[in-house]
Structures are given as structure tokens and as C-alpha cells.
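See structure below.
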Amino acid sequence: MKGLLLKDMLLLKNNKKLYAILVFFAVMYPMMGMGSFTITFLGMMGLIISISTMNYDEFDNGNSFLFSLAFKRSTYVAEKYILCVGGGILGALLGTLVCFVASKVTGNPALLEGMAESLCVAVLLYSLSSSVMLPIFIRFGAERGRLASYLTLAAFFLLGFGVMNFLPDTGKDVFVSGLQNIPIAGILVRLVLLVVLAIFVSVSLSLRFIRKREF
Amino acid sequence: MLKINGLKKSYGDFHLDVSMEVPAGMVVGLVGSNGAGKSTTIKSVLQLIRPDAGSILFCGNECGAGGSLLTKSEKEMMGVVLSDSGFSAYLTPSDVKSICAAMYSKFDKNKFTALCRDLEIPERKQIRTFSTGMKAKLKVAAALCHDARFLIMDEPTSGLDVIVRDHVLDLLRAYMEEKEDRSILISSHISSDLESICDTLYMIKKGRIVFHEDTDILLSRYGILKCSEDQYNEIDRQYICRRIKESFGYTCLTTEKHFYMENYPKLVIENSGIDDLILLMEKGENVS
């Protein structure tokens with residue numbers, strides 16, 4: 001796995017211009033008072049940049065040679081999960097650090113408001129996003145995986161839209177009042193368990209897909 | 001080292017059905033026209049594609065259609081060069097060195113650096129700036145530096161000029177001489193390379209092995225006869241295996257050119273090489 005992680009780190013270091021742009025926005029958003037947004041933005045960019053390593057792997061039929069090297073296919077899957085989930089979490093943590101520093105530099109304590117909640121939401125959201133996107137990318141490859149990801153996101157959006165607009169009001173009221181009766185810590189625990197379950201299912205699917213994939 | 005038995009893979013109208021062997025200590029060549037099944041065979045050995053049936057034994061371990069996946073240590077025993085795939089173009093040879101050192105327990109960084117210098121590969125430039133020849137040299141250098149027991153090479157000298165090709169072949173000979181149990185399976189369209197390095201040759205046509213012979217026998221005993229129709233009708237044809245109808249008569253592949261040299265001195269007899277073999281096996285017809 002060390003070789004695969006090193007490969008991806010060495011590939012990602014080529015994106016200097018992108019990182020410069022990210023630094024610019026990471027400094028600008030807190031200055032504009034958008035602390036929480038900085039956390040979610042950098043978390044999202046961490047995830048997207050990590051997933052882009054699959055594009056590099058596929059580029060110019062590179063996967064054929066890559067999978068002839070000395071590692072197991074399951075190691076490849078493990079490395080991608082560590083990279084992508086880790087990339088999202090690292091981005092969110094960096095965003096938190098930037099907000100903290102910005103609040104001290106600008107003397108604006110409002111930047112610290114909601115920071116913990118934003119960090120928790122970002123970590124859970126991007127872990128869940130990784131668990132949805134990675135099996136799709138592994139199954140279909142980077143190019144078709146992107147399209148499949150958009151369709152999956154669209155499907156989730158339509159499902160949410162459908163639930164919000166077509167579920168009877170009584171159903172929504174029951175759901176919302178039910179949530180209000182659960183303490184925040186309880187909701188958090190349930191969300192963490194949901195994400196852990198999602199990652200478990202996702203890894204199982206990814207392992208199945210990678211074993212069957214031909215290059 | 002490698003034993004392939006009844007390996008089958010189908011893609012639409014193409015059906016691969018191959019049995020062949022790469023003994024330890026030998027260099028085995030695989031020749032054939034484009035689309036014959038060379039790369040499919042190689043990819044099946046590397047488990048990049050899953051065969052429909054058949055067995056592949058690598059160092060005694062079953063890894064074919066019903067077998068297990070190659071382990072990391074088995075993959076470390078292989079050095080691979082593929083014609084249409086390599087390291088990411090955004091890496092440099094220096095990056096490749098670091099990555100291979102992390103992946104292969106026996107990777108020799110100093111040997112890699114020395115080979116890059118020897119083959120004039122710039123270590124700090126991205127692979128996407130390289131010419132076709134430099135990319136080919138880098139692939140060979142990476143395959144030779146981790147003490148692999150088995151090299152599997154799909155057109156390793158493609159894109160190289162004659163001097164560098166000769167140098168690469170010298171490296172492969174030196175690789176074989178270092179340890180007795182090493183083997184190479186090499187496919188190439190450059191027949192002179194195969195003639196100079198291979199101990200034995202397999203020819204594949206439309207997914208099937210149609211020819212298998214030791215290289216020195218092919219070069220010393222096989223020959224090309226060029227004869228008129230009358231001459232063809234008169235000669236003893238027991239040692240003629242293939243023929244092509246020509247305007248002047250026939251071009252024939254014989255397994256015993258000395259027989260015809262001694263008995264038919266007026267016959268035009270030429271030495272045969274791999275190119276002649278491929279032409280006659282592809283375009284010619286069997287002589288029963």
C-alpha cells in the first residue's frame with residue numbers, strides 16, 4: 001500500500017496551480033465571514049482531489065500496467081478508501097484550522113460559531129460521499145464513473161425532492177417531531193453508525209467490482 | 001516457470017485457445033500478426049483479464065480460470081513490460097524509482113539510477129515529455145531492477161533504434177546470465193531481436209498456437225524453397241510444411257533445407273527466419 005499511496009501523492013503534487021487557487025479561497029472565505037463554508041469547501045476539495053487519482057491511473061490505458069505491479073487488488077481498494085475518506089477529513093480539518101487562525105487574526109469570534117458542527121457534518125458527509133462514489137468509479141472507471149456519480153446524485157436529489165413534496169404532511173410532521181425528541185448526541189451517534197455501515201457496504205461492493213474488473 | 005494449459009478466452013468472433021510452456025532458464029518468444037492473441041495470452045498470465053477456461057501454473061501455483069489470484073510475492077517475482085501501457089505520464093523516473101522501491105522488496109535503486117544513466121533516461125523529467133523510445137527504455141529499466149525471476153515482455157524494443165535495441169538485448173542476456181533459473185517470455189514484431197535472444201519460439205495465429213520450434217533449429221534446418229511448378233511437382237515434398245502460390249511457381253517452407261541442398265542442387269534455397277515463418281504460416285497453405 002505504501003507504493004500506491006506514494007504514487008498518488010507524487011501525482012497529486014503536480015497540481016500546484018490548483019492548490020494555489022485553493023489557498024486563495026481558503027484565506028478569502030474566512031475574511032468574508034464564511035467560516036463554516038470554508039470547512040465544507042476544503043473538505044469537498046480534499047475528496048475531489050483524492051478521487052482524481054483514479055483519472056491519473058486510467059489515463060492512457062495506465063491501469064493495465066498498474067495492476068501488473070506487485071500489489072493485490074484489495075490493497076488498491078483499501079488505498080483509495082484511505083486516500084479519499086482521509087482527503088475529505090483532512091480538507092475539513094484544514095478548513096477548521098484556517099477558520100481558527102482567521103478568527104485570531106481578524107479578531108472575529110463569529111468565525112468559530114458552528115465550527116464544530118460544520119466539521120462533524122463535513123466529515124460525515126464526505127465519508128458518505130466517498131462510500132457512494134468509490135464503488136461507482138471502481139466499477140465503471142473514472143470517465144463513466146463521473147457520469148454515474150452525477151446520475152446517482154441526481155437520483156438522491158429526486159428522492160429527497162419527492163419525499164419533501166409528495167410525502168403527506170403528517171408523515172413529515174412525525175419524522176420531524178421524532179428527530180426533535182432525540183438529543184443531538186443521539187443523532188450524531190446514529191449518523192456515525194449510518195456512515196460506518198455505508199462504508200462497510202461500499203468496501204464490500206468495491207472489492208467485488210475490482211476482482212471482476214478486466215484491464 | 002510458467003505452464004499454460006488449454007487457456008481459453010473469447011471476445012466476440014475471436015477465440016483464444018493456447019497451451020505453451022516457459023521452462024526455467026529459457027527465453028521463449030511469442031510471435032504472430034496483429035490481433036493474433038499475443039497480448040491476450042500475456043494479460044491472462046498477469047491476471048489482467050480472466051480466462052474463460054484453462055490452467056496457468058506459475059512457479060507451481062495454479063492461477064488460471066479456477067485458480068487463485070497472484071499473491072504480492074508472486075507478482076514481485078515478475079518483471080513486466082507492456083506495449084500499450086506504462087507508468088503514469090505525470091511521473092518522473094525519479095518518482096518511478098521511489099514507487100518501485102516501496103512496492104518491491106528487492107528493488108535496487110542504485111541499479112535503476114545506473115540503468116537510467118546508461119540508457120540516457122533523464123531522471124527528473126516527466127514521462128509525458130519522453131519520446132516513444134525513452135518510454136520503452138524506462139519500462140525495461142524498471143522491470144530489470146527488482147531481481148525478478150520471470151520477465152514477461154510485450155514488445156519491449158518497440159520504438160527503439162537499432163543501437164539501443166541491441167543494448168537492451170544485451171541487458172536481457174546479462175539478466176539471464178546472472179541467475180540460472182530466470183526466464184523471459186517476450187513477444188515482438190522485430191524478428192531479428194527474437195532470433196538473437198530466444199531459445200524457443202511459439203507462433204500464434206487467430207488465437208491458436210500453430211508453430212513451436214527451437215530457434216536454432218528454425219534458423220539452421222528450416223529453409224525457403226523457391227521453385228517453378230515443374231520443379232515443385234518433381235521434388236520429394238515430405239519435408240515441405242507450407243507453400244504459397246507465386247507467379248513463378250511456389251515459395252515453400254521446409255523443415256530440412258539440407259535435404260534439398262544435397263538432392264536438388266538446382267533448386268533456389270534460402271535461409272529462413274522468423275519473418276519468413278510468419279509470412280508462410282499466415283498466407284501459405286498446408287502441404288499434406
Side-chain angles (χ1 to χ4, degrees), chain A residues 1-19 49-80 82-83 137-139 141-143 204 206-215, chain B residues 9 11 39-40 42-52 68-107 126-128 135 138-139 142-143 146-148 151-154:
Chain A
M1 193 184 304
K2 200 170 111 189
L4 288 171
L5 278 168
L6 183 60
K7 168 191 67 76
D8 286 336
M9 291 297 125
L10 288 167
L11 284 169
L12 290 177
K13 81 170 167 40
N14 291 311
N15 291 333
K16 293 185 181 73
K17 286 179 187 162
L18 175 63
Y19 301 142
I49 289 168
S50 301
I51 279 208
S52 74
T53 56
M54 296 186 79
N55 276 66
Y56 283 110
D57 291 343
E58 263 196 27
F59 178 68
D60 207 15
N61 197 31
N63 266 335
S64 296
F65 180 72
L66 178 64
F67 279 86
S68 72
L69 297 176
F71 59 86
K72 297 196 293 185
R73 290 191 181 205
S74 54
T75 307
Y76 180 84
V77 168
E79 188 262 343
K80 287 302 176 199
I82 289 170
L83 189 69
F137 273 67
I138 287 170
R139 172 71 177 84
E143 280 302 312
S204 306
S206 295
L207 286 172
R208 227 173 105 191
F209 292 153
I210 200 75
R211 279 187 192 120
K212 289 188 178 176
R213 199 150 158 212
E214 297 191 337
F215 302 101
Chain B
K9 179 72 180 175
Y11 291 113
S39 296
T40 306
I42 286 173
K43 285 187 173 181
S44 298
V45 172
L46 295 170
Q47 294 187 334
L48 296 175
I49 58 177
R50 275 176 296 112
D52 299 327
S68 55
L69 290 174
L70 288 166
T71 62
K72 183 181 182 312
S73 52
E74 283 168 344
K75 285 181 135 188
E76 283 204 41
M77 294 197 311
M78 292 184 181
V80 179
V81 173
L82 296 178
S83 60
D84 58 352
S85 183
F87 288 101
S88 172
Y90 293 90
L91 296 172
T92 64
S94 177
D95 295 337
V96 166
K97 182 168 63 177
S98 305
I99 293 165
C100 288
M103 277 191 189
Y104 292 90
S105 54
K106 292 184 185 175
F107 188 80
Q126 284 189 332
I127 294 169
R128 64 193 174 113
K135 288 179 190 171
L138 177 63
K139 290 181 205 176
H146 60 266
D147 195 25
L151 293 183
I152 186 159
M153 309 182 108
D154 191 4

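Chain letters run A, B, ... following the sequence lines, proteins first and then strands; every chain starts at 1.
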Could you check whether any side-chain N or O of Lys75(B) sits under 3.5 Å from a backbone N or O of Phe71(A), counting only pairs where one atom can act as donor and the other as acceptor?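 Side chain of Lys75(B) to backbone of Phe71(A), a donor-acceptor pair under 3.5 Å: yes, one is there.
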
So which part of [X] gets closer than 4.5 Å to some heavy atom of chain B, the side chain, the backbone, both or neither?
X	value
Leu5(A)	neither
Arg73(A)	side chain
Lys2(A)	both

Please work out which of the three classes, parallel, tilted or perpendicular, describes the rings of Phe59(A) and Tyr90(B), given edges at 30° and 60°.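 Because their plane-to-plane angle lies in the 30° to 60° range, the rings of Tyr90(B) and Phe59(A) count as tilted.
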
Answer yes or no for Lys43(B) and Phe215(A): cation-pi contact, defined as NZ/CZ to six-membered ring centre under 6.0 Å and angle to ring axis within 45°.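 No, cation not above the ring by the 6.0 Å, 45° rule.
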
Can you tell which of Leu82(B), Leu70(B), Leu46(B), Val81(B) has the highest number of heavy-atom pairs within less than 4.5 Å of chain A?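 Most heavy-atom pairs within the cutoff with chain A belong to Leu82(B).
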
Side chain, backbone, both or neither: which part of Gln126(B) has a heavy atom under 4.5 Å from chain A?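 The answer is the side chain of Gln126(B).
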
Rounded to the nearest 0.5 Å, how far does CG of Asn14(A) lie from CG of Asp95(B)?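 Asp95(B) atom CG to Asn14(A) atom CG measures 7.5 Å (nearest 0.5 Å).
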
As an exercise, state the distance from OG1 of Thr75(A) to CE of Met103(B), rounded to the nearest 0.5 Å.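 Atom-to-atom, Thr75(A):OG1 and Met103(B):CE are 9.5 Å apart.
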
Heavy-atom closest contact (Ser64(A) atom, Ser85(B) atom, distance):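 Nearest heavy atoms, Ser64(A) then Ser85(B): CB-OG, 3.7 Å.
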
Option in Leu6(A), Leu10(A), Leu4(A) with maximal non-hydrogen atom pairs under 4.5 Å from chain B: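 Top option by heavy-atom pairs under 4.5 Å: Leu10(A).
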
What residue, out of Lys13(A), Lys7(A), Glu214(A), has the most heavy-atom pairs lying under 4.5 Å from chain B?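 Heavy-atom pair counts peak at Glu214(A).
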
Just checking heavy atoms, which of residues 49-58 of chain A are less than 4.5 Å from chain B?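 Interface residues of residues 49-58 of chain A: Tyr56(A).
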
Before you tell me yes or no, could you show the steps for Arg50(B) and Lys212(A) under side chain to side chain contact (heavy atoms under 4.5 Å, CB included), namely the whole-Å CA-CA distance, both residues' side-chain angles and the distance that decides it to 0.1 Å? CA-CA 8 Å; Arg50(B) 275 176 296 112; Lys212(A) 289 188 178 176; 3.9 Å; yes

Mark yes when over 12 heavy atoms from residues, nucleotides or ligands other than Lys135(B) sit less than 6.0 Å from its NZ; otherwise mark no.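 Correct, the count exceeds 12.
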
Given the rule in the side chain to side chain contact (heavy atoms under 4.5 Å, CB included) test, do Leu69(A) and Tyr104(B) qualify, once you have shown the distances and angles that lead to the verdict? CA-CA 9 Å; Leu69(A) 297 176; Tyr104(B) 292 90; 3.5 Å; yes

